[in-house]
Amino acid sequence: ACGGSSSASDTPVASVKLGYFPNLTHATAIVADKEGFFAKELGRTKLEVKTFNAGPAAMEALKSGAIDATYVGPGPATNAYINTGGQAVTIVAGAASGGASLVVDKSIKTATDLKGKKISSPQLGNTQDIALRYWLKGQGLSTDLQGGGDVNIAPQDNSQTLDAFKQHLIAGAWVPEPYATRMVQAGGKVLVDERTLWPNQKFATTVLAVRTDFLKAHPGTVRALLAGDLDAADFIAKDPTKSQQDVADVIAKVSGKPLKQSVITAAWPQLTFTVDPVASSILTGAQNAYDVGVLKKKPELGTLIDLKLLNALLKERGKPAVAS
Amino acid sequence: MTAAVTTAAARGEDGVATSTRHAVTLRGVTKRYAGEHGVLALDGIDLQVHPGEFVCLVGASGCGKSTLLNLVSGLDDVSSGEVGVDGHAALMFQESALFPWLSALDNVATPLRLKGVGRKDREARAREYLDVVHLGDFADRRPHELSGGMRQRVALARTLATQAPVLLMDEPFGALDAMTRDLLHDELESIWRERSLSVLFVTHNVREAVRLGDRVVLLSSRPGRIVKEYPVDITRPRRIEDSAVSTLSGEITHALREEVARHGA
Amino acid sequence: MTAAVTTAAARGEDGVATSTRHAVTLRGVTKRYAGEHGVLALDGIDLQVHPGEFVCLVGASGCGKSTLLNLVSGLDDVSSGEVGVDGHAALMFQESALFPWLSALDNVATPLRLKGVGRKDREARAREYLDVVHLGDFADRRPHELSGGMRQRVALARTLATQAPVLLMDEPFGALDAMTRDLLHDELESIWRERSLSVLFVTHNVREAVRLGDRVVLLSSRPGRIVKEYPVDITRPRRIEDSAVSTLSGEITHALREEVARHGA
Amino acid sequence: MALEVTERLPGRDNTELRGLDALDLGGSHQRSRRVWQAAWPKLAAIVLALGAWQAVVLSGWKPSYLLPGPLPVFRELGHQVTTGDFWKAVSITMTRGLVGFAIAAVIGLVLGVVVSRSRVLRAAIGSLITGLQTMPSIAWFPLAILLFQLSEQAILFVILIGAVPSIANGVIGGVDYVPPLLLRAGRNIGASGLSLYRHVVLPAALPSIVSGLKQGWAFAWRSLLAGELLVSIANRPSLGVFLTQSRELGDTTYMIALMIAILAIGIAVDAVFASVDTGLRRRRGVTA
Amino acid sequence: MALEVTERLPGRDNTELRGLDALDLGGSHQRSRRVWQAAWPKLAAIVLALGAWQAVVLSGWKPSYLLPGPLPVFRELGHQVTTGDFWKAVSITMTRGLVGFAIAAVIGLVLGVVVSRSRVLRAAIGSLITGLQTMPSIAWFPLAILLFQLSEQAILFVILIGAVPSIANGVIGGVDYVPPLLLRAGRNIGASGLSLYRHVVLPAALPSIVSGLKQGWAFAWRSLLAGELLVSIANRPSLGVFLTQSRELGDTTYMIALMIAILAIGIAVDAVFASVDTGLRRRRGVTA
Ligand SMILES: Nc1ncnc2c1ncn2[C@@H]1O[C@H](COP(=O)(O)OP(=O)(O)OP(=O)(O)O)[C@@H](O)[C@H]1O
Ligand SMILES: Nc1ncnc2c1ncn2[C@@H]1O[C@H](COP(=O)(O)OP(=O)(O)OP(=O)(O)O)[C@@H](O)[C@H]1O
Ligand SMILES: [Mg+2]
Ligand SMILES: [Mg+2]
């Protein structure tokens, strides 16, 4: 009934509330918004954008119905799925992959050098925190949730991590872009690029999560969002310069101050902007979380990821389907 | 305001013959203050003020005069016994108790304001009361800009402005020089006459008591009890220097002196 | 405490002959209060209190008596003129000004404490002062548990406890009955004698002034000026009922009455 | 209602107790009655609040994962209080809070006294104190790290910067409203400088100082919980960390259980201040 | 120093002004002198603070990207104040703050009056009020979102829950310390119930209410800056968002510039409260 999603059978909603972060890893959403892809695909349905600073707040908003869909890291989405008993959240597509690294002080050469050192992660139980713990475990180094063990993990805000690293208060951190790049620019070196740990060097960094009941009631609208997402991914591949400009503009708009162009340019290649949520990495990540003791129960993620709409759309456009 | 008071007032209105109705009645009133020092301040006080009567209360420092007025005003509750007041009893406190955030005029106008009198009207009337206490020129001053005696006079004006039928006055002229006091004695007497007020008047000045009162009641100390009542049969207008006033106050002073000697000051 | 005071006091110590040294000196003192109502409270006051002299100050309500004591105590500054005090002048305020968080005893002990007197010693001495004002039994009470007159007496005890050579007293017996007042007149007189204090004593009771003073100074109102000084040549011990006291106070009262009549109360 | 309320005016608060005293009741009976009189409205309020909460939950207004009922929350709380980590966290957080508050109280009192004594200092930094107070804790984090690294001191710094202005303001406000008569009396009986402060100004300002301390505690506690996010130190669990974790994991039940624990601590601390305040008022006769 | 300070005792604060008044100086001359007297210590304090800051920077204690000097910060601030977005953010944040504070003031005053009037209510929710105050803003975010979604109301809710208890506590504290004599006088001249509050209790408690409002403002402003992170609405820039973003961007210069702007606003608002307070004290003669 509306715009690009003419095949949808549901009634169009008056408006859809979409969340994203003014952040490099959310470039797909930013570009789709700025370049008008969402608006074009949504037709008469109005798009209302809300920006967030962190996953938990975005998930609270999604669960409470304040927003209908949001770009977010797979960690918070998984958490929200688990603690609502699988009722509230469904991941319908990906937005970015890669772009997380363990950056450490130059003096550290190997994993064993980390023994007794303090390493930061963005927050307890988020994607990078689990990757860090799991990787250390694989290296035979123990950790615990209270920051004890062979390596002291101190979760803290990324911006604070950067300050702490500059002051040599921590030996390193497992962080997403652009912080990894900025830590490198502040004199660090990449010890582990997370891509090297995953099959095909692909793992979910940002996904599009939708409120499950919204998805059920308005598949057409979700489909339109997906279409916008696809358009944006194509655009980013075609015109990275303009895309970077869009991201810089949005960050400047929201924060009153642009992010340095050099940071964006340097961090950009670390990320892959793809609609594939790399479902296997989400499931593995949850399993890893359980293995390192962040999740108390074995995760059951039966209906967390639903790629039917996405794959239908890809097929329509003659592109290969993604695996679920 | 307390249960006892309200009942008594109601009883008055219920139609008991006016001739037997008292303006103020105390029956077997006892007051013991709470706290570590649980003082028995008043013990078995029986006292009536007839409508239109001017009763003066004298007694040594700390004998319970202020306590008695507080009980009558309903601001404190009796420990036992009964207090009755016919209508509202306005109390002029021993300390001036003015509102520091209001000018002298506004202080005096407050009781009128509480009655709902309009701004213009109440200011005009408050000015009149200030004139009565010879403070017409000081209407705009705040309490802290007034002398001790001036504050006391503003408080008097405020009490008069309540237009209550019963006045309870606690050493209202304690901070005034003899002359100003004489002037205010005349003013108070004429207002009492005009409005046929009932007055219960505490003073430490026995001459003043005789000058103003229809009756002088002598209280003893610790606990406060009524020692004796002196009817004042001197015809008005009286002057404080009158020899009749001197004679009677000499007699009362003598009795008071004995009281004080018996209990210590 | 003000510059003027310190200078004068220092001058005294500098060795000027003691016979010409005054306990209190006011020279051409003028006081105008600030604010919208910039009142001229005192105008050109010249007054000396000799060492060991008892000077009483009388005048109508609001004539500037309290203002004068405040200036002498150094708590307020003169607008022009000079004030000199030989040593510390302790002021007993018109209101009782007790510290509400301290018991009567602790209130009296505070000046001693400020002098560094040890706990036991100061409590014993404070108790003595309370006995002087006949409040030995009330040592543990807090100010709010005392009657008006009792508070005034505690304040008197506290002033005495400062052991200052100069006492400034602002209607210290205003809230006391005649008997208690008589007792305290005697006490004050004997302390004054023993310690050879210099006293500047404000009262609105002319008889009291004549009973106590070596000299009575009469102030006029608005602005406060010295109208006349009356030496009191009645031999001590005096009693307030003495006919000589009556005669002189009659004379002063007459003059005061004329003052009040001239200016309004 | 109107009548009843009139009778409860602050000025009359003690009338009833007085009446009881006058009857010379046995002390212990009286005490238990007093305790009951203070306790029942609190209990009633708690019961009412829980009832309302349960009613909202039963109405099905929000799914239980968003708004869990009192039962699961208290079950969770009941579970938490049996774990050692919970008590360790409570004790770490409380210790930090009390130490921080004690230091803030000392600094705040001294600062308040100094600023209130000097007109120049007051003009210079009086407004700055309130200005600092309006700065959100988050803005101080980078500075805290810069100065104190990731240590207990960094948390302490954030507490102090939150609580000190409040306490200092309480002192300044109290000093400003000391009745001039008492000041004059104090000076006249020989107090000056420090002794005037010690014997007159501070006792007179005490009620306002206590209320400043109470506000200071609120700021300290809030800043502490925020500060604990700043620095999570190895093997030092804390309520602040738990609270953020519960939020980050989206575990509403756990979060509400923690909030109730925090509220209970806040109320317990308030009770201390309230009893100090009541004592002050009784001593000064500000209850009749 | 000691002597000078003694002369600056609160009790003497106005002595000098009085002296000036007595000389009957021309009004305007006098006023400009007063302004200067109030301003110079502030200016001196600012100059000193900037000097110390510059000295620390010059000492090379920390690299300039961690601790930039005053010059770049003020250059940045100077740049910001020329941008429309900065002023838009200031005005949006200020509007939210003022609206929130106004509503908090009304609710806090009413709540304070109601609680202070009734012994039952006080026992029931008196402590709860302080308890709420000690709850960090962050704990309220989920509830705010739950109740109000992502709207201005959610921010308002966070402001209110921060500021209302403070204001109510100010009222309660003030009411508790109204001199009993004034209460008795008021009742005796015919005030009772509401009119007693209107004509006696509230005017007498006004100083404490004003200081409660001042504390309430501090809480409101802090909660606001925290709450603005909660919801950033498209095309509504705000200081709270700027502040966090500056932190996330790691742009210390920008962040300090923002902190200075926030501090300036805090000081400006404090000046309003201070002048109300001075007026109150002058009217009541609490300066001699
Ligand atoms: N709030 C109180 N608590 C305990 N005792 C009190 C209280 N108020 C007064 N008293 C005591 O009750 C007695 C009577 O006090 P009251 O004020 O009635 O005396 P009074 O006759 O007015 O004295 P004065 O002439 O000095 O004003 C005194 O012993 C006093 O100490
Ligand atoms: N702080 C002030 N500001 C302005 N005017 C004042 C102030 N204090 C006193 N006055 C005025 O100064 C004059 C003298 O006051 P003062 O208190 O010295 O009188 P007094 O002789 O002690 O009177 P009383 O016998 O009534 O105590 C009065 O007219 C009074 O209104
Ligand atoms: Mg009395
Ligand atoms: Mg006087």
Side-chain angles (χ1 to χ4, degrees), chain B residues 1-2 5-6 66 69-76 85 87-103 106-117 122 126 129 140-146 151 154-164 166-170, chain E residues 10-15 17-19 21-22 109 113 117 119 170-171 174-175 177-213 275-288:
Chain B
M1 233 164 259
T2 62
V5 173
T6 336
S66 301
L69 293 196
N70 278 332
L71 295 179
V72 173
S73 71
L75 291 174
D76 259 341
V85 180
H88 176 55
L91 171 59
M92 182 181 159
F93 297 84
Q94 194 164 4
E95 303 92 352
S96 65
L98 297 177
F99 301 130
W101 56 89
L102 294 179
S103 68
D106 290 340
N107 262 288
V108 177
T110 303
L112 299 165
R113 188 163 181 196
L114 287 166
K115 281 216 183 71
V117 179
R122 70 173 181 256
Y129 287 112
D140 297 337
R141 303 277 189 100
R142 298 191 184 280
H144 69 100
E145 296 173 321
L146 296 172
R151 282 201 283 268
V154 175
L156 174 60
R158 188 176 66 178
T159 310
L160 294 175
T162 60
Q163 300 189 288
V166 180
L167 288 191
L168 311 171
M169 313 184 83
D170 202 348
Chain E
R12 309 214 75 158
D13 259 19
N14 268 16
T15 321
L17 290 180
R18 248 190 225 161
D21 279 347
L109 292 175
V113 166
R117 281 191 71 177
R119 207 192 328 175
V171 176
V175 168
Y177 279 95
V178 171
L181 184 64
L182 296 186
L183 278 180
R184 296 165 81 98
R187 268 191 280 151
N188 188 260
I189 63 174
S192 67
L194 272 186
S195 69
L196 187 66
Y197 261 72
R198 162 79 187 75
H199 293 288
V200 184
V201 177
L202 293 185
L206 204 53
S208 162
I209 293 174
V210 169
S211 95
L213 286 172
S275 83
V276 169
D277 190 60
T278 308
L280 274 183
R281 283 193 291 137
R282 190 157 295 165
R283 276 166 61 108
R284 286 162 196 232
V286 195
T287 44

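In what follows, every chain begins at residue 1, and chains take the letters A, B, ... in the order their sequences are listed. Values reported hereafter were calculated over all heavy atoms of this structure, with side chains retained and with hydrogens, waters and symmetry mates removed.
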Worksheet item: Considering residues at least two apart in sequence or located in another chain, which fulfil the side-chain contact (heavy atoms from CB on, under 4.5 Å) criterion with B/T162?
Response: B/A90, B/P111, B/A164, E/I189
Worksheet item: Does any heavy atom of chain E fall under 4.5 Å from the side chain of B/L98, the backbone, both, or neither of them?
Response: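 B/L98 touches chain E through backbone heavy atoms alone.
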Worksheet item: Can you say whether B/L114 sits under 4.5 Å from chain E via the side chain, the backbone, both, or neither, judging by heavy atoms?
Response: side chain
Worksheet item: Do any N or O atoms from the side chain of B/R122 and from the backbone of B/A109 form a donor-acceptor pair under 3.5 angstrom?
Response: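 No: the side chain of B/R122 does not pair with the backbone of B/A109.
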Fill in: Point-to-point distance, once rounded to the nearest 0.5 Å, from CZ of E/R184 to CG of B/N70
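Going from CZ on E/R184 over to CG on B/N70, the span is 4.5 Å.
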Discussion item. Which residue is it: E/L196, E/I209, E/V178? I am looking for the one with a side chain to side chain contact (heavy atoms under 4.5 Å, CB included) to E/L202.
Written reply: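 Of E/L196, E/I209, E/V178, side chain to side chain contact (heavy atoms under 4.5 Å, CB included) with E/L202 is met by E/I209 alone.
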Worksheet, complete the sentence: Counting heavy-atom pairs under 4.5 angstrom with chain B, the leader among E/A204, E/G190, E/G186 is E/A204
